[in-house]
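Let me begin by presenting the structure, written as structure tokens, before commenting on it.
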Amino acid sequence: MGARFEELAWRETPIGAISLRRRRDPALQVEVYEVKLDDEFLMSSLFPVAEIELARLGLAPLPGGDLDVVVGGLGLGYTARTALADDRVGSLLVVEAIEDVIDWHQRGLLPFAAGLADDPRTRFVHADFFAAAARDGFDPDRPGRRFHAVLLDVDHSPRNLLDSGHAAFYTPEGLRRLAEHLHPGGVFALWSDDPPDPDFERSLAAVFATSQAHVVPFANPLTGGESANTVYVAQRAD
């Protein structure tokens, strides 16, 4: 395949073999970066719109500045990079369960995420987001620390999970634990590959003062049509 395809990184992990690859799309004439877990595609640089909107929609309701933000799931870095583009963000804690993904960014393998790893506001934490949410929080150096926003993009959706052990997080009880890690008025935002889920919307409404499911459409260059993701935004009472 020559220069049209390159596997940039590969490693076996407890949840399967994860790989980062770059290919040249001859029809679109662009470099495409893709992440796979075994034979399943997790993310592609062709479809960054909803990951970007996760940060924008999640931070939009917050007043003031010097915001402390958590990003759960680093991936290709679009959500984290977009959060840093907001000048109100004072610190960004990125919680990622797969150490290799952090390494990709620290090695500069993703040119569109340039500056993320080097920004003094950024700190990477190699940890299980869901375990941290259920216990003492996301900052191992400051147990119980609260944040202004938590932006999550790990599972495909609240129903379509990468690991069945994540299911408890999406229940009212799990969301209440998550809300304890937010300041009053803090925001939880979640990316989903599925349409809005009424059951999950009811779970959010049972915990947060306000919640909304935003449908985010985007052009799909593979089909020539339009696709959509969902971004849920929920906010604690002040």
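Keep in mind that what you see is a predicted model, and the values were worked out from it rather than measured. Along the sequence shown, residues are numbered consecutively beginning with 1. Reckoned from all heavy atoms, side chains included, excluding hydrogens, waters and symmetry mates.
The backbone N or O of E180 sits less than 3.5 Å from a side-chain atom of R146, completing a donor-acceptor pair. Looking only at distances, no side-chain donor or acceptor of R22 sits under 3.5 Å from a matching main-chain atom of E31. No donor-acceptor pair closer than 3.5 Å links the side chain of H156 to the backbone N or O of S192.
Atom NE2 of residue H166 and atom CG of residue L152 lie 9.5 Å apart, to the nearest 0.5 angstrom. To the nearest 0.5 Å, atoms CD (E51) and CG (D153) are separated by 5.5 Å.
Between K36 and D38, none of the side-chain N atoms (NZ, or NE/NH1/NH2) sits under 4.0 Å from a carboxylate O, so this pair counts as no salt bridge. Checked for salt-bridge contact, R23 and E34 meet the test: a charged N lies under 4.0 Å from a carboxylate O. Between R81 and D119 there is no salt bridge, since no side-chain N of the basic residue sits under 4.0 Å from a carboxylate O of the acidic one. Residues R56 and D86 are not paired through a salt bridge, judged by the lack of any N-O separation under 4.0 Å between the basic side chain and the carboxylate.
For CZ of R123, the number of neighbouring non-hydrogen atoms (other residues, nucleotides, ligands) closer than 6.0 Å is greater than 12. Surrounding CD of Q106 are more than 12 heavy atoms belonging to other residues, nucleotides or ligands, all under 6.0 Å away.
In this structure, R176 has no side-chain hydrogen bond (donor to acceptor under 3.5 Å, both in side chains) partners at least two apart in sequence or on a different chain. Remark: T210 pairs with Q235 by the side-chain contact (heavy atoms from CB on, under 4.5 Å) rule, at least two apart or across chains.
Ring-plane geometry between Y78 and F112 is classed as parallel, the angle between the planes falling under 30 degrees on a 0 to 90 degree scale with a further cut at 60.
The hydrophobic cluster containing L76 does not contain W10, counting ILVMFWY residues as joined when their side-chain heavy atoms lie under 4.5 angstrom apart, directly or transitively. Cluster membership check: L8 shares its hydrophobic cluster with I102, using side-chain heavy-atom separations under 4.5 Å among Ile, Leu, Val, Met, Phe, Trp and Tyr.
Each of N160, T230, N229 was evaluated against D193; a single residue qualifies, N229, per the side chain to side chain donor-acceptor pair (under 3.5 Å) test.
Residue pairs that meet the salt bridge (Lys or Arg N to Asp or Glu O under 4.0 Å) test with at least one member in residues 106-116, sequence neighbours left out, are D103-R107.
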